[in-house]
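Below you'll find the structure, written out as structure tokens, and then a few comments.
Counting begins at 1 with the first residue of the sequence.
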Amino acid sequence: MLLRVIRFLWKFLKWSLLLVIVLAALLVLINWRDEPLSDEARALLAEKPVVVDVPDRENIYIAMAGINAPQGEDIFEAGSKFIETIRNVKKENPSGLKYFFDQHEKRELLWQETKPPFDSKISKETDFLKSARTQKNRLETTLAANKILIERYGSMQDLLLYESPNFPGLPSSLPIRYTRILNIQRHLLARVLLDMEAGNTGAGLAFFKKDLNMWRCVLEGKSSLLDAMIAVRAMTNDIYVLNLLLASPYVSVKKQSREWQELLEPLSQEQYSLFSAMKGEIRDQYRMLSPLRWTTYQEAAALPVCMWFTHDINMSLDCPVWRAWLDQNATVLFLKSTATFNHSIPYYKAQLRLSSLSWQDYLRERDAALKSLTESYKPKIDWIYNPMGKFLTGPNNNSYDGYIGRIHDLDTYSRLVRLQLELRLAKVPTEKIPAFIREQGQACCAPSADFSWDAQTRLLSFKPSYNNFTQNIPASVYVPEMNAPAH
């Protein structure tokens with residue numbers, strides 16, 4: 001009886017293994033060849049090399065790369081060396097890139113926290129104003145302990161140009177440093193918030209002007225899509241604190257109304273257009289699909305980014321190498337890179353068009369573009385039988401609607417806070433707020449249909465085009481009391 005069971009199990013395992021081998025061989029045969037790039041794809045991938053013609057000492061990108069340089073080192077020299085070293089390591093020893101980051105961090109000047117640390121989070125679940133007021137001593141101790149980093153951030157605010165080189169495998173300095181940079185910004189915003197409540201309005205407005213100008217330069221400059229999204233987050237932090245100040249009865253706005261209005265100017269066409277950054281992102285998508293990108297386990301160690309079948313995009317370089325290697329090789333086995341990219345061209349073209357539209361045109365055309373994404377995922381015969389024959393292929397359509405939506409929501413959020421300012425300057429009674437929005441809101445801020453007023457909760461709000469915009473920042477603001485005391 002036992003022998004019969006063993007023989008049965010052996011036969012089962014043997015035939016199961018044979019079936020797996022046959023299926024794997026069939027899969028490899030189907031995907032043995034790829035199709036050439038279509039004319040549309042070639043046109044989309046055509047690019048001119050990005051030549052950085054901004055001097056290092058005028059480039060925000062270089063300053064951000066070197067902001068954590070050891071004490072006593074020049075941040076521009078350190079930033080330039082940091083970028084050049086990454087380029088050389090990537091070229092000469094790809095597997096050593098992560099090791100370089102680990103070793104580099106050991107000698108960097110890092111942020112020093114108090115124990116317990118000051119709570120600088122800005123989100124719906126935290127009260128930033130309360131944290132600043134109740135943890136003032138802890139905040140000042142933390143700022144004093146990080147005097148050098150604070151001064152370096154201030155020196156960056158004086159720069160007005162941002163250009164980052166774009167070549168395969170080199171992450172931008174901003175995504176690498178952004179958690180550290182935004183941490184410095186939030187601590188400074190907490191101090192500015194307290195200073196302006198105490199009556200030091202002029203210095204506070206000067207800080208906001210420099211900070212918003214710096215992040216607007218990142219949006220205007222030659223930057224990646226990730227750079228732009230980090231700039232959006234930083235600007236949202238600034239505008240959120242301006243919102244808190246406008247809602248405070250301890251802050252006067254009348255004497256410096258023009259300065260307030262300038263801070264809350266809408267984004268320019270150059271700032272909210274993501275066309276250039278989107279083209280770069282699409283080219284990167286093709287590089288990530290290419291089976292020639294990482295052909296060995298060693299090369300996968302160069303920049304381990306989890307994606308595809310593990311559904312975990314991790315730009316912090318913490319992804320295990322084996323997962324990065326498996327993901328890339330699984331892509332080669334299951335998806336033909338060029339056929340897949342050709343399949344995605346109509347969607348990419350729609351996204352490019354959306355990325356260059358004004359806010360109103362974006363809202364009008366977005367649904368049709370998103371519908372094309374949905375259609376691309378419906379089973380079609382060309383998933384298997386494409387124009388070149390029996391090559392297994394499918395869509396590679398990452399949805400960039402969230403990126404485009406965020407930047408338009410930032411613009412609308414800025415207009416909303418500008419409306420709050422105008423209401424306060426005009427001392428509009430609460431019962432007349434709806435009429436003010438209808439009659440004057442469009443002239444100073446945006447079409448009145450964008451905003452709603454809740455008299456019971458005293459809230460102004462707008463419906464974001466990207467629903468997750470309010471995940472970290474509330475999308476509504478309190479209208480302050482009209483008889484705010486002046487300092």
For this session: State whether the side chain of Ser131 and the backbone N or O of Asp127 hold a donor-acceptor pair below 3.5 Å, judged by distance alone.
Result: yes

Exercise. So do Asn237 and Asp211 actually touch side chain to side chain, heavy atoms under 4.5 Å?
Worked result: no

Problem set entry | For Asp119, salt bridge (charged side-chain N to carboxylate O under 4.0 Å, His left out) partners two or more places apart | none

For this session: Return the minimal non-hydrogen interatomic distance between Leu267 and Ile407, and the atom names on each side.
Result: CD1-O, 3.8 Å

Exercise. Between the side chain of Asn59 and the main-chain N/O of Glu163, is any donor-acceptor distance below 3.5 Å?
Worked result: yes

Exercise. Nearest 0.5 Å, what's the OG-CD1 distance between Ser155 and Ile67?
Worked result: 7.5 Å

Problem set entry | Evaluation steps, side-chain contact (heavy atoms from CB on, under 4.5 Å), between Glu265 and Leu212 | CA-CA 10 Å; Glu265 286 291 327; Leu212 284 166; over 6 Å; no

Problem set entry | Side-chain donor/acceptor of Gln256 to backbone N/O of Thr201, under 3.5 Å | no

Problem set entry | Residues, nucleotides or ligands: over 12 heavy atoms within 6.0 Å of Lys349 NZ | no

For this session: Without swapping roles, check the side chain of Glu58 against the backbone of Pro55 for a donor-acceptor pair under 3.5 Å.
Result: no

For this session: For atom NZ of Lys279, decide whether the heavy atoms of other residues, nucleotides or ligands shown that lie under 6.0 angstrom number more than 12.
Result: yes

Exercise. So, for Leu160 and Cys217, which heavy atoms are closest and what is the spacing to 0.1 Å?
Worked result: O-SG, 3.2 Å

Seminar exercise, completed: Separation between CG (Leu264) and CZ (Arg415), nearest 0.5 Å, reads 11.5 Å

Exercise. Once the angle between the rings of Tyr162 and Tyr61 is folded into 0 to 90°, is it parallel (under 30°), tilted (30 to 60°) or perpendicular (over 60°)?
Worked result: perpendicular

Problem set entry | Under 3.5 Å donor-acceptor, Ser80 side chain and Phe76 backbone | no

Exercise. Do Leu352 and Phe275 have side chains that get closer than 4.5 Å, going by heavy atoms?
Worked result: yes

For this session: Give the minimum heavy-atom separation between Ser356 and Gln269, together with the two atoms involved.
Result: O-NE2, 3.6 Å

For this session: Any chance you could measure Gln157, atom CD, to Trp215, atom CH2, to the nearest 0.5 Å?
Result: 10.0 Å

For this session: Mind checking the CZ-CD1 spacing from Arg57 to Ile75? Nearest 0.5 Å is all I need.
Result: 8.5 Å

For this session: Evaluate the ring planes of His187 and Trp111, with Trp represented by its six-membered ring, and classify them as parallel (under 30°), tilted (30 to 60°) or perpendicular (over 60°).
Result: tilted

Seminar exercise, completed: All heavy atoms of Glu197 vs all of Ser248, minimum pair found to be OE2-OG, 3.0 Å

For this session: For the pair Asn213 (side chain) and Lys209 (backbone), establish whether a donor and an acceptor sit closer than 3.5 Å, ignoring hydrogens and angles.
Result: yes

Problem set entry | Sub-4.5 Å side-chain heavy-atom contact between Leu159 and Met64 | no

Exercise. Is the closest side-chain heavy-atom distance between Arg233 and Arg406 below 4.5 Å?
Worked result: no

For this session: Identify, with sequence neighbours excluded, every residue that meets salt bridge (charged side-chain N to carboxylate O under 4.0 Å, His left out) alongside Arg364.
Result: Asp361

Exercise. For His408, does its backbone N or O pair with a side-chain atom of Thr412 as donor and acceptor, under 3.5 Å?
Worked result: yes

Problem set entry | Val232/Tyr403 under side-chain contact (heavy atoms from CB on, under 4.5 Å): CA gap, chis, key distance, verdict | CA-CA 10 Å; Val232 166; Tyr403 292 91; over 6 Å; no

Exercise. Closest approach of Val251 and Leu245, non-hydrogen atoms and distance?
Worked result: CB-O, 3.6 Å

Exercise. So which heavy atom on Ile433 is nearest to which on Leu423, and how close?
Worked result: CG1-CD2, 4.1 Å

For this session: Say whether Glu365 and Tyr362, considering side chains only, have a donor N or O and an acceptor N or O under 3.5 Å apart.
Result: no

Exercise. Does the side chain of Leu357 reach to within under 4.5 Å of the side chain of Ile404, using non-hydrogen atoms?
Worked result: no

For this session: Answer whether the closest heavy-atom distance between the side chains of Val241 and Val192 falls below 4.5 Å.
Result: no

Problem set entry | Check: Met214 and Lys210 side chains under 4.5 Å, non-hydrogen atoms | no

Exercise. Hey, does Phe208 have a side-chain heavy atom less than 4.5 Å from the side chain of Leu189?
Worked result: yes

Problem set entry | Gap between atom CZ of Phe436 and atom OG1 of Thr430 - 0.5 Å precision | 14.0 Å

For this session: Please assess Ile437 against Leu460 for the test side-chain contact (heavy atoms from CB on, under 4.5 Å), listing each intermediate value before the final yes or no.
Result: CA-CA 10 Å; Ile437 295 175; Leu460 277 169; 3.7 Å; yes

For this session: Carefully, step by step, assess Leu188 and Gln185 under the rule side-chain contact (heavy atoms from CB on, under 4.5 Å).
Result: CA-CA 5 Å; Leu188 288 172; Gln185 183 210 31; 5.8 Å; no

Seminar exercise, completed: Distance col, row Arg42:CZ vs Ile345:CD1, nearest 0.5 angstrom, shows 11.5 Å

Exercise. Do side-chain atoms of Arg424 reach the backbone of Leu246 as a donor and acceptor pair under 3.5 angstrom?
Worked result: yes

